[in-house]
Amino acid sequence: MGKTVRIYVMGREYEVPEGLTIMKALEYVGYRYIRGAGCRAGFCGACTTVYRKNGDYKLYSGLACQTTVEDGMYLVQIPFVPAEKPKYEVSEIKDVEDILRVYPEIARCLSCNTCTKSCPQGLETMDVIQSILRGDIKRAAELSFDCIQCGICSMRCPAEITHYHVAQLVRRVYGKHYLKKSKELERRIKEIEEGKYQEEIERLMKLPREELERLYKEIRR
Amino acid sequence: MILLGKYRYMYYPGCTLKGWAKDLETSTLKVCEILGIDLIELDRWYCCGGVFELSDNLMRHLGAVRSLIKAEEKSKEIGTGDLVTICSMCYNVLGRISFQLKKEDIEKINFFMDDEKDYSGKIRVKHFLEVLKEYGFNKIRNYVDEQMGIKVAPYYGCTLLRPEEIGIDDSQKPRIMEELLEAIGMDPVSFPMQTVCCGSYNSARGIKAVETLRKKILESAKREGAELIVTSCPLCKYNLKEAMYFTELMEMALGGARHG
Amino acid sequence: MNSVKEIAKEVKLISGQNVFACYQCGRCSSACPMTEEMDLLPNQIIRLVQMSDDAVLSSVTPWICASCLDCTIRCPRGIDVAKVMEAIRQLSIRRGIEKREELVRNFKEMDELPQILLVSAFRKYTG
Ligand code: SF4
Ligand code: SF4
Ligand code: FES
């Protein structure tokens, strides 16, 4: 075995090979993921982990599948972040006033920047919330575009805001009311509705499995 | 360095001026355009918090301090340390931070905000009314071609005048809005209730006292013969229901439409 | 008795104000525009804080106070009465006595309120 590092999982010490991701290290020491893992590629946001390092007061957070273990890391996985998810009708929500009706708590933001500092995607989460507050829907949608909904921000916010739900609403609103409508998309939807692809779909539906597999490989090539 | 005119200021709009009180911002910018005053909006700014925190909870000063830090950065670029606000509440919060917050509290906040440069306290926060006074009410007179003579009652409320350390005028007998109104061809009427609170944030809960105050304030102004009430605070406007922003009146008096 | 004593001390810590300077002239209460709905007048609140009386924590007065500072600028003894009110609000929130849910649930139509109103109300009513 090459070089190893010591990590502490929920307080218990383990020695693991250097260079592993937190996720691989946990599996290495015998944990099996039944929750808190998905894509294993930094996209799904399921593998939230919080940790501290020896001799450092800062509370770090990251994705287990993307973060490499370091010597003296104290960590725990957070497989789920509880959050209230109000029902709304996107077509009825357009401005900051409407968003405040659904998520009034964003008015509690203190500009502490804790959310930004905790975001594993490096998003300017505080500015997302602050932009909404002043009605800048476009900026909020753009700043939050890469949110993977891990919810770390919402675990740490002293104002108890659920940024990832709020930001999703904002992107929906932006798409619905502000973005230019795509002509191409509309044309394609019309074609589908008019049954342009019906024949093709029916043909595919009847094909045997082997034939489908062959076709799939051909397309991939 | 951007080339700018003689009257240039950094500008902190505040959330409400970008939302509920858009008219307050558009009319102000129009007035500035006519008078040749440059308001340069900060590249980044944060919610001031609406009310100045009176307890020992320093967290609640963060948004305002952060904005002042952004202002310090910006001031190097445009060569002025003056930061202007129009909303009375933003003025009050930012003003109290820049003039009143204790040194040790600023130090604690700087220590907490490890993601920003330190705030060194160099920003002078000004209300737009003070900017107009600096510019000269007499000079403003030149832009007015019609003496409308409307009887206008200026309502100050709390946050422009209290606490006295940051008040833009005498806390009990203010004159600044009267002087401005006179300069733009109005007939200003002072009234006894003009510095009494409108009930502030208590209207969120529909407190009875807010409604009582509204009536008292409006009646007091009408008794002095006022045809119109002006304010610089969106929250006062919301609570009084029958008020106009002083900047909207200015835009009218300065012939906003003609000049633009 | 001990916990009772603490109110005066804690208010001092949170507000930095010396309530013992008050000689009950009542100028704060005569200036206050919100007394209509208060169960205790501002000068009575100060008196109760002097005596560390628990009643201040259950009074509605601090939750009606609008932080307009009309009392503060009038106090001949230099007490920032509005800060004392804030301290009492904070104290009851920190001790878990005030149920913020109730205050917040009573908010009016959120989508009609100016942002500063909502922001301020949240700051005053929640911890
Ligand atoms: S904004 Fe919040 S939920 Fe989205 S990625 Fe960042 S920390 Fe995760
Ligand atoms: S963590 Fe919460 S309070 Fe702090 S800046 Fe982010 S949204 Fe605002
Ligand atoms: S498992 Fe999907 S982001 Fe880590």
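Between B:Arg175 and B:Asp170 no salt bridge is recorded (no basic side-chain N to carboxylate O distance below 4.0 Å). Checked for salt-bridge contact, B:Glu104 and B:Lys108 miss the test: no charged N lies under 4.0 Å from a carboxylate O. A salt bridge links B:Glu116 with B:Arg66: at least one charged nitrogen is closer than 4.0 Å to a carboxylate oxygen. Electrostatic pairing of C:Glu6 and C:Lys9 does not count as a salt bridge here, judged by no charged N lying under 4.0 Å from a carboxylate O.
For chain B, the option among C:Asp70, C:Asp80, C:Thr72 with the highest count of heavy-atom pairs below 4.5 Å is C:Asp70. The residue among C:Val119, C:Leu13, C:Leu69 with the most heavy atom pairs within less than 4.5 Å of chain B is C:Leu69. For the set C:Gln115, C:Met85, C:Met38, C:Arg89, the count of heavy-atom pairs under 4.5 angstrom toward chain B peaks at C:Gln115. Listed options B:Thr212, B:Thr16, B:Leu213 were ranked by heavy-atom pairs under 4.5 angstrom with chain C; first place goes to B:Thr16.
Using a distance-only test at 3.5 Å, with no hydrogens or angles considered, a donor-acceptor pair links the side chain of B:Trp20 to the main chain of C:Glu112. Side chain of B:Ser27 to main chain of B:Leu24: a donor-acceptor pair is present (N/O by atom type, distance under 3.5 Å, no hydrogens or angles).
Here OG of B:Ser200 is found 8.0 Å from CD1 of C:Ile116. Values are rounded to the nearest 0.5 Å.
Proximity to chain C is limited to the side chain of B:Cys87, based on heavy atoms less than 4.5 angstrom apart. Both the backbone and the side chain of B:Ile207 come within less than 4.5 Å of a heavy atom of chain C. Heavy atoms closer than 4.5 Å to chain B are found in both the backbone and the side chain of C:Ile64. With a 4.5 Å cut-off on non-hydrogen atoms, C:Ser67 touches chain B through its backbone and its side chain both. The parts of B:Ala204 that come within reach of chain C are both its backbone and its side chain, each placing non-hydrogen atoms under 4.5 angstrom from that chain. For C:Ala87, no part sits under 4.5 Å from any heavy atom of chain B, backbone or side chain.
With sequence neighbours left out, the ring-ring contact (aromatic ring centres under 6.0 Å, His included) criterion links B:Tyr9 to no other residue.
Environment of CZ in B:Phe111: sparse, with no more than 12 heavy atoms of neighbouring residues, nucleotides or ligands closer than 6.0 Å.
Using a 4.5 Å heavy-atom cut-off against chain C, the contacting residues of residues 232-244 of chain B are B:Pro234, B:Leu235, B:Tyr238.
Sorted by first and then second residue, the salt bridge (Lys or Arg N to Asp or Glu O under 4.0 Å) pairs with a member in residues 33-43 of chain C form an empty list; sequence neighbours excluded.
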Between side-chain atoms of residues 92-102 of chain B and protein atoms elsewhere (two or more places apart, or another chain), which donor-acceptor pairs fall under 3.5 Å?
| from | atom 1 | to | atom 2 | distance (Å) |
| --- | --- | --- | --- | --- |
| B:Asn92 | ND2 | B:Thr159 | O | 2.9 |
| B:Asn92 | ND2 | B:Arg162 | O | 2.8 |
| B:Arg96 | NE | B:Gln100 | OE1 | 2.9 |
| B:Ser98 | OG | B:Gly95 | O | 3.3 |

